[in-house]
Amino acid sequence: MTFLPPTAIPADLVEGLNPPQRAAVEYRGDALLIIAGAGSGKTRVLTHRIASLIATHEAWPSQILAITFTNKAAAEMRERVGQLLGEAVEGMWISTFHSACVRILRREAEKFGYTQGFTIYDSADSKALIKRIVKALEAESMGVTVSTAQNRISGLKNELIDPDGFARQVDSTNPRDQLILEIYRQYQRQLERNKAFDFDDLIAQTVWLFRAYPEIAALYQRRFRHILVDEYQDTNHAQYALIRELTRGSEPQHVPADTRIRLAADGSIPPASLTVVGDSDQSIYAFRGADIRNITEFEKDFPGAETILLEQNYRSTQHILDAANAVIGNNFDRRPKNLWTAAGEGAKIVGYTGYSAHDEAQFVADEIHKLHDQGTNFNDMAVFYRTNAQTRALEEILIRSAVPYRLIGGTKFYERAEVKDIVAYLMSIANPADELSVRRIINSPKRGIGPSTETAISLFAQDNDITFREAMGRARELGLGPKVTNAILDLEHVLVEAEQSIDPARNTGAVPVSDMLAKLVERVGYIEKLRATNNPQDDARAENVEELINVAKEFDKQHPDGTLVDFLTEVALVAAADELDDESGAVSLMTLHTAKGLEYDAVWITGVEEELLPHKMSADEPGGLAEERRLFYVGITRARKILHLSLALTRTQYGESSVAMPSRFLQEIPEALIAWRQSPGIATSRGGERPRALNATGYGSGYGNGGGFGGRRAVGSRSYGDMPQGAGLKSEFKPTRGNRTFDNQITGAMKDNADLVLETGDRVKHTDFGEGTVRAVTGMKAKRIAEVEFDEVGRKKLLIKVAPLEKL
DNA sequence: GTACCGGGAGTTTTT
DNA sequence: CTCCCGGTAC
């Protein structure tokens, strides 16, 4: 094999880059750290850097490993590199940590006693497994709950501590830790018996594989000569260790004979080059083990590393950046960084204080319509929140206001019981050793196989040292009734039949995944049985199952050679952000965490309140407040042109209303940057009063210490006389608009107004907004929208079908 | 083995 | 408030 001489980097790959960006593309050393502020064009730098390595013949595409945070980011990067290079992206690995590890583990599965079709358990699956163990050990009576056990185990795996390692360091006088250890042991044993990995295993087991088999590690060290990691600030210890293993280089005796790369003089593989991109200010995953030190100590870990700072922002206006800089500046012990832009000041940040979460949501809906009327597309707008629970009020109001929206994340499609059921069927087929999946489906749909029968099969399997599935095949030996016995045998038969119709490993001559799936669902009558009930929710469930079949069809189309195992891998590793579809024509709703890496023309950050953002759970965690601040910073820097910050004065939780205080983070934003549409200080009761900025005296000093602003406390659902006694807020805390009460109420049940006929000029009455005149009616049938000019509160768009509206 | 009822606990963020 | 679990009745 000859080595093509490196040529110069083509001009079009560095043109238009600013000096540090260009330096980052051109750098040719072993280790490069790119500190990339929000919106500083890091994806551009990464893609150009990859393209430059290939264009100069310094690397083949197959020698590149690029790690991104989500599958969507990976797809995007692949596409952009492709555009720069033409077709030459074949063989490049651009994927998430988890996908890359799955690929390696499946390839090497036989070498460590697993099967290539091993199952990936999501958190719910591992929770179910841990639950069984916790119950059997009666651990809850000792104060070890399922979730503490799960969190501890996950934390240990992220630190690469296996049960034996934990046993060595555990405090033997602490009965709880002893219990955790026992749970961890049993859990790991069961995973192994089921030939399954949980999420954390995917990374940790790969590291252990590399450490246990240097010659396997050498295969990958040889292959990947250039490793690039995005969002490096959110890597945990296991991921860090993986990168270390891959960039280590290897000893001559482990190097495969047919090596085509340039070896060192002693026959060893030289370390691969490593590029990491990150921003410690955007580290928001400490709770799941991300270690900010990975980035802060990069130069120590990789001596001789070059560091390049990208500070010019190409995304947001200066006002937005000023706010972001001011907020993040309150975090101490960070490397100072100052984002700037050439884009100009832009509009001020819009602030709004609602009386309730619904009031706040109404503000969001109104602003969305306003911007849409001015020409901003719905897809260019996004609404963020700290907790998923906040979506309820937002959704209710957005529906009523006829705002098209999409929820990103939340209760995900693949977490729904019926979808998990069907996926469990597929897992049972791909991996017959997976007892958890088989037990999930053994009585779903109902076929008369209850818990006692299940236990009988399990015991029989244990006694005869066979798998659960094999025990099912020998159901006649269990001495059960004929009906149950036949049900078991029939299910086993269905699974075997499906197994034979496909080849889980290779797709040659086999049926496409979707055909097998459709036949399977038909054969067990899953949809049919759902349709037979009177429960309308079951219809929705049936539709979800049909949707899953469609997903499989789409998969078959995109991957003609895709196998069942490939399909299951894809299903197991979808992330919330992967659901995004830029063409949807809808406003996106998501948590602040999900928002990382995305950008929108207009952004709303809702619930900017104490105990919500920063969240109260973070208060007693070390570094918790700083992480919350970073989360807020991430949210702010998503906005290109317009940023809205909103909060509510009361919020409902567990069906109980409580008073909310404005977030301390709001105070950190210079007063001049925010234009309060309705400030917290005065809830704008009387028209004409000049809104007082948040930082003005009498308010800002009012909380934090003293003034009775200590935090939330329960209040009666409508008693505004029962407000906290500080800072003159009480007297000003009065509803403004007509006689509306600003309870959390959303009057009555969903109304069905489908038959209401409205025309321009009609007078109507709305339960919240009072009386008004219809200005226009658009849309058809259930989507009919009335635009109403209300006497008190101005113009609103309403979805007629659901609006609490009456014709006068 | 299933269906229904009542009590109790829980919502921070996620690959 | 809502989901989930465990207990009881058929």
Side-chain angles (χ1 to χ4, degrees), chain A residues 67-74 95-102 120-124 126-128 131 135 140 145-147 150-151 154 157-158 197-204 231 234-236 238-239 283-290 384-393 408-412 414-415 417 442-443 445-455 480-481 483-484 487 533 535 569 572-579 590-596 607 611-621 624 627-628 630-632 634-635 651-657 717 744:
Chain A
I67 302 287
T68 58
F69 200 65
T70 63
N71 293 303
K72 182 167 183 271
S95 69
T96 62
F97 269 109
H98 290 84
S99 307
C101 288
V102 170
I120 301 165
Y121 286 165
D122 66 14
S123 350
S126 59
K127 191 173 185 179
K131 187 179 221 161
K135 272 224 178 97
E140 300 228 276
T145 65
V146 176
S147 71
Q150 191 176 22
N151 288 335
S154 169
K157 287 185 177 184
N158 286 334
F197 286 136
D198 64 19
F199 276 137
D200 302 314
D201 274 338
L202 296 177
I203 316 289
E231 309 284 9
D234 283 324
T235 50
N236 60 34
Q239 290 164 335
S283 164
I284 54 173
Y285 282 104
F287 72 91
R288 80 172 193 221
F384 304 152
Y385 35 83
R386 175 70 237 264
T387 67
N388 281 304
Q390 289 167 254
T391 55
R392 208 158 285 172
I408 314 297
T411 325
K412 279 169 260 158
Y414 292 105
E415 285 169 10
I442 197 166
N443 199 32
K446 302 240 172 351
R447 37 175 85 89
I449 307 174
S452 57
T453 309
E454 207 183 304
T455 316
L480 297 161
K483 225 172 127 193
V484 192
T533 68
N535 190 342
T569 304
L573 298 179
V574 282
D578 298 336
E579 302 163 24
M590 69 190 85
T591 64
L592 285 162
H593 282 88
T594 305
K596 192 176 70 157
E611 311 214 326
L612 199 52
L613 182 64
H615 196 275
K616 58 167 171 259
M617 291 305 215
S618 71
D620 36 51
E621 282 162 32
E627 177 142 323
E628 296 287 310
R630 290 194 291 269
L631 196 51
F632 187 45
V634 165
R651 206 164 277 279
T652 320
Q653 224 181 344
Y654 306 120
E656 193 185 31
S657 239
S717 58
N744 203 34

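Per chain, numbering begins at 1; letters A, B, ... match sequence-line order. The shown structure was predicted, so the numbers you read here are calculated from the model rather than taken from an experiment.
One interatomic measurement links the two molecules: CE of A:Met617 to P of B:dT13, which rounds to 10 Å at whole-angstrom precision. Put simply, CD1 on A:Ile284 is 11 Å from P on B:dT15, counting in whole angstrom units. Remark: C1' of B:dT14 and CG of A:Asp122 are 11 Å apart, rounded to the nearest angstrom. Atom P of nucleotide B:dT11 and atom CD of A:Glu611 are separated by 17 Å, given to the nearest angstrom. Computed from coordinates, the A:Asn443 CG to B:dT2 C1' distance equals 10 Å when rounded to whole Å. Following rounding to the nearest Å, A:His615 (NE2) and B:dT14 (P) show an atom-to-atom distance of 12 Å. Distance CD (A:Gln653) to C1' (B:dT11): 8 Å, rounded to an integer number of Å. In this structure, NZ of A:Lys616 is placed 14 Å from P of B:dG10, rounded to the nearest angstrom.
Using modelled atom types, one side-chain atom of A:His593 and one backbone atom of A:Ile284 make a donor-acceptor pair closer than 3.5 Å. With hydrogens and angles ignored, the 3.5 Å screen pairs a side-chain donor or acceptor of A:Arg630 with a backbone N or O of A:Ser283. Between the side chain of A:Ser154 and the main chain of A:Gln150, no donor-acceptor pair closer than 3.5 Å is present.
Residue A:Gln239 is out of contact with every strand shown, counting any heavy-atom pair closer than 4.0 Å. A:Phe97 comes within 4.0 angstrom of nothing in the nucleic acid, heavy atoms only.
With B:dT2, B:dT12, B:dT15 as the choices, the nucleotide that has an atom nearest any side-chain atom of A:His98 turns out to be B:dT15. Which of B:dT14, B:dG1, B:dT11 sits closest to the side chain of A:Phe287 comes down to B:dT14.
By the ring-ring contact (aromatic ring centres under 6.0 Å, His included) test, A:Phe69 pairs with A:Tyr285, sequence neighbours left out. Annotation: ring-ring contact (aromatic ring centres under 6.0 Å, His included) contacts of A:Phe197 (sequence neighbours excluded): A:Tyr114, A:Phe118. Scanning for side chain to side chain donor-acceptor pair (under 3.5 Å) contacts around A:Thr68 gives an empty result, with sequence neighbours left out. Shown here are the side chain to side chain donor-acceptor pair (under 3.5 Å) partners of A:Thr391, two or more places apart in sequence or in another chain: there are none. Residues meeting the salt bridge (charged side-chain N to carboxylate O under 4.0 Å, His left out) test with A:Glu231, sequence neighbours left out: A:Lys42, A:Lys596. In this structure, A:Glu621 has no salt bridge (charged side-chain N to carboxylate O under 4.0 Å, His left out) partners at least two apart in sequence or on a different chain. For A:Thr145, the side-chain contact (heavy atoms from CB on, under 4.5 Å) criterion is met by A:Glu140, A:Ser147, A:Thr148, not counting sequence neighbours.
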Could you list all N or O pairs between the protein and nucleotides 5-8 of chain B that sit under 3.5 Å apart?
none

Tabulate protein N/O versus nucleotide N/O from nucleotides 1-5 of chain C, keeping only pairs under 3.5 Å, one per line.
from  : atom 1 : to       : atom 2 : distance (Å)
C:dC5 : OP1    : A:Lys131 : NZ     : 2.5

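OP1 or OP2 of B:dT14 sits under 4.0 Å from a side-chain N or O of A:Thr594. The phosphate of B:dT14 has OP1 or OP2 within less than 4.0 Å of a side-chain N or O from A:Asn388.
Rounded to the nearest Å, the gap between the P atom of B:dT13 and that of C:dC4 is 15 Å.
Mapping A:Leu573 and A:Thr453 onto DNA chain B by nearest heavy atom places A:Thr453 closer to the 5' end of the strand. Residue-to-nucleotide proximity on DNA chain B shows that, of A:Ser452 and A:Glu621, the 5′-proximal contact is made by A:Ser452.
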